[in-house]
Amino acid sequence: MMFHDSMANAQEKMTQVCLFLEQYHLPPTPMNYHVAYTYISKCDQALNKALEQAINNKQTIDSIYIEHLYFEFLNPGHKTETELLQNVDGVLTNLSRTTNESHKQISSFAQSISACIQTLDEGNLAKSRKAIVQLSQTTEGLLQQHQMFKTQMKKARLMYIKSQQQLQQLRKQHIIDPQTGLYKRHYLNQQTQAWMAKDKSICAIAIQITNLDDFTQQYGDLVGDVVLNRVAKKVQKYVFESGLPGRTRKQEFTVLLADIEPSTANVIAEKIKKGVERLKFVSTKGNMELPRIELALGITKRYQEQSFDELAHKAHLAAHKAHLCGQTSFIAP
């Protein structure tokens, strides 16, 4: 998005952007700055509506949510690249299928030539011999061309394999959070929309690490990152086949589950909790065991919610209520 502000207007907006970043404790990264500047400029109605709704709902505005807004509203190539990832495999598969059909047609052509030879006039040997030679030469040329085509297709196949690897890497960069290895928020949003379009029932589990800030403040950012990653791996382990785990806030994960009821989601949440409780952390200094990780889990089912943001926020509030009530989990009605 291009801005055409005067120097005075730009300076005034920069001041407001800095206040916005400071208010929500956001680091001044290019992405955070871009989203904040666009919001202050009020030049993208959809972004402003989404952000203001999140603020009114007292949703946490952190770097994870800002990244979601960036991919959803400000990255013009994101939808194109997503469509590429969805369609390119089909295009290349069709190309491979066409090659196989071409091979069959050429083989059939050669068989037709052989059959044609048998119908030539046996009474005129010279003419028949000449026709046979011409047909043989035509066939040989066709087979040589086919061999060249096969060689080119072999090269294309190697390029196809390389392209697949590149596409997988591109897809991973778009939908995977690099710090935790879980899905990014905007991918969960896309999946929610897809499931809603199929009229699937959806449950969400919010998983908050309630004492992550304590780890960071007492033992440093590095230890905090280790705790975050270890919990993420446990979440991924227990929902690998049944749901989509994603990072939705600085210290919160959300798991999307299709076609199950809250009671079943609660069983999955309980398994996650027990798995995390078994994690142990020991300080490299003095071999001292660090405190246990504390979780709060919120479980909800989609009823009237029309977006992932609404569903995730409902699950977040359920987890927050569990924490305030001293419970491990809470199922939202």
Side-chain angles (χ1 to χ4, degrees), residues 59-60 64-65 68 175-177 179-212 226-281 292-333:
Q59 183 174 328
T60 301
I64 304 299
Y65 184 70
H68 162 67
I175 68 174
I176 300 297
D177 174 56
Q179 188 174 9
T180 63
L182 302 185
Y183 291 113
K184 292 183 178 180
R185 187 183 184 106
H186 69 83
Y187 178 74
L188 297 183
N189 181 57
Q190 292 174 7
Q191 194 60 50
T192 300
Q193 296 301 319
W195 285 349
M196 287 170 56
K198 296 178 180 179
D199 201 27
K200 290 190 174 186
S201 62
I202 307 172
C203 282
I205 305 173
I207 305 165
Q208 297 177 0
I209 309 175
T210 57
N211 60 340
L212 181 63
V226 170
V227 170
L228 187 70
N229 290 334
R230 293 281 299 277
V231 174
K233 292 294 183 293
K234 283 293 181 183
V235 172
Q236 191 173 43
K237 175 183 177 181
Y238 286 105
V239 299
F240 178 73
E241 296 181 351
S242 58
L244 296 175
R247 186 184 182 190
T248 46
R249 297 172 189 261
K250 179 182 177 182
Q251 54 192 29
E252 181 176 295
F253 309 115
T254 300
V255 178
L256 281 181
L257 302 151
D259 296 330
I260 69 169
E261 293 300 316
S263 57
T264 306
N266 190 42
V267 172
I268 296 173
E270 187 66 22
K271 289 182 179 180
I272 294 172
K273 179 183 76 70
K274 290 182 178 179
V276 171
E277 286 176 346
R278 288 195 290 267
L279 291 175
K280 293 183 179 181
F281 299 90
R292 296 281 184 174
I293 298 173
E294 297 175 5
L295 296 183
L297 298 98
I299 300 151
T300 190
K301 181 179 179 180
R302 173 182 171 263
Y303 292 105
Q304 301 298 323
E305 292 76 21
Q306 297 300 312
S307 68
F308 169 74
D309 286 343
E310 293 180 12
L311 185 65
H313 184 62
K314 186 178 176 183
H316 165 78
L317 293 178
H320 184 63
K321 184 169 184 177
H323 178 57
L324 292 179
C325 296
Q327 302 172 201
T328 303
S329 63
F330 179 79
I331 301 178

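All values derive from a computational prediction rather than experimental measurement. We count residues from 1, following the sequence as given. Reckoned from all heavy atoms, side chains included, excluding hydrogens, waters and symmetry mates.
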- Item | Residue pair Leu256, Phe308: steps toward the side chain to side chain contact (heavy atoms under 4.5 Å, CB included) verdict | CA-CA 9 Å; Leu256 281 181; Phe308 169 74; 4.0 Å; yes

- Dump the intermediate steps for side chain to side chain contact (heavy atoms under 4.5 Å, CB included) on Tyr303 and Glu305, then the final yes or no. CA-CA 6 Å; Tyr303 292 105; Glu305 292 76 21; 4.2 Å; yes

- Item | Residue pair Arg292, Glu277: steps toward the salt bridge (Lys or Arg N to Asp or Glu O under 4.0 Å) verdict | CA-CA 7 Å; Arg292 296 281 184 174; Glu277 286 176 346; over 6 Å; no

- Evaluate the side chain to side chain contact (heavy atoms under 4.5 Å, CB included) criterion for residues Ile176 and Tyr187: first the C-alpha distance (whole Å), next the side-chain angles of each, then the deciding distance (0.1 Å), finally the verdict. CA-CA 8 Å; Ile176 300 297; Tyr187 178 74; over 6 Å; no

- Message: Determine whether Trp195 and Leu244 satisfy the following criterion, side chain to side chain contact (heavy atoms under 4.5 Å, CB included), listing intermediate values before the conclusion.
- Response: CA-CA 12 Å; Trp195 285 349; Leu244 296 175; 4.0 Å; yes

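Rounding to the nearest 0.5 Å gives a distance of 9.5 Å between CD1 of Ile64 and CZ of Arg185. Rounding to the nearest 0.5 Å places NZ of Lys233 at 9.5 Å from CG of Leu228. To the nearest 0.5 Å, atoms CD (Gln208) and NZ (Lys250) are separated by 13.5 Å. To the nearest 0.5 angstrom, Ile205 atom CD1 is 5.0 Å from Leu257 atom CG. In this structure, CD on Glu252 lies 9.5 Å from CG on Leu297, to the nearest 0.5 angstrom. In this structure, the separation between CD1 on Ile293 and CG on Leu279 is 5.0 Å, given to the nearest 0.5 Å.
Taking 4.5 Å as the limit, some side-chain heavy atom of Asn229 sits within range of a side-chain heavy atom of Thr180. Looking at heavy atoms from C-beta onward, Phe281 lies in side-chain contact with Arg230 at the 4.5 angstrom threshold. For the pair His313 and Asp309, the minimum side-chain heavy-atom distance is 4.5 Å or more. Residues Ile268 and Val255 fail the side-chain proximity criterion, which asks for heavy atoms closer than 4.5 Å.
Glu310 contributes a side-chain N or O that, together with a main-chain N or O of Gln306, makes up a donor-acceptor pair within less than 3.5 Å. A donor-acceptor contact shorter than 3.5 Å is absent between the side chain of Thr210 and the backbone of Ala296.
Screening Arg247, Arg249, Lys184 for a salt bridge (charged side-chain N to carboxylate O under 4.0 Å, His left out) with Asp177, the sole residue that qualifies is Arg247.
The minimum heavy-atom distance between Thr254 and Ala204, with the atom names listed, is CG2-CB, 4.3 Å. Across Arg278 and Tyr238, no two heavy atoms sit closer than the pair NH2-OH, 2.9 Å. Taking every heavy atom of both residues into account, Ala265 and Cys203 meet most closely at CB-CB, 4.3 Å. In terms of heavy-atom proximity, Ala322 sits nearest to Ser329 at CB-C, 3.7 Å. Closest heavy-atom contact between Ile299 and Pro262: CG2-O, 4.0 Å. Taking both residues in full, the closest heavy atoms of Lys234 and Gly275 are given as CE-O, 3.6 Å, listed atom of the first, atom of the second, then distance.
Within 6.0 Å of the NZ atom in Lys321, the count of heavy atoms belonging to other residues, nucleotides or ligands does not exceed 12.
Between His68 and Tyr65, the ring planes lie tilted relative to each other; the angle falls in the 30° to 60° range. Taking the six-membered ring where the residue is Trp, His316 and His320 present parallel rings, their angle staying beneath 30° rather than reaching 60°.
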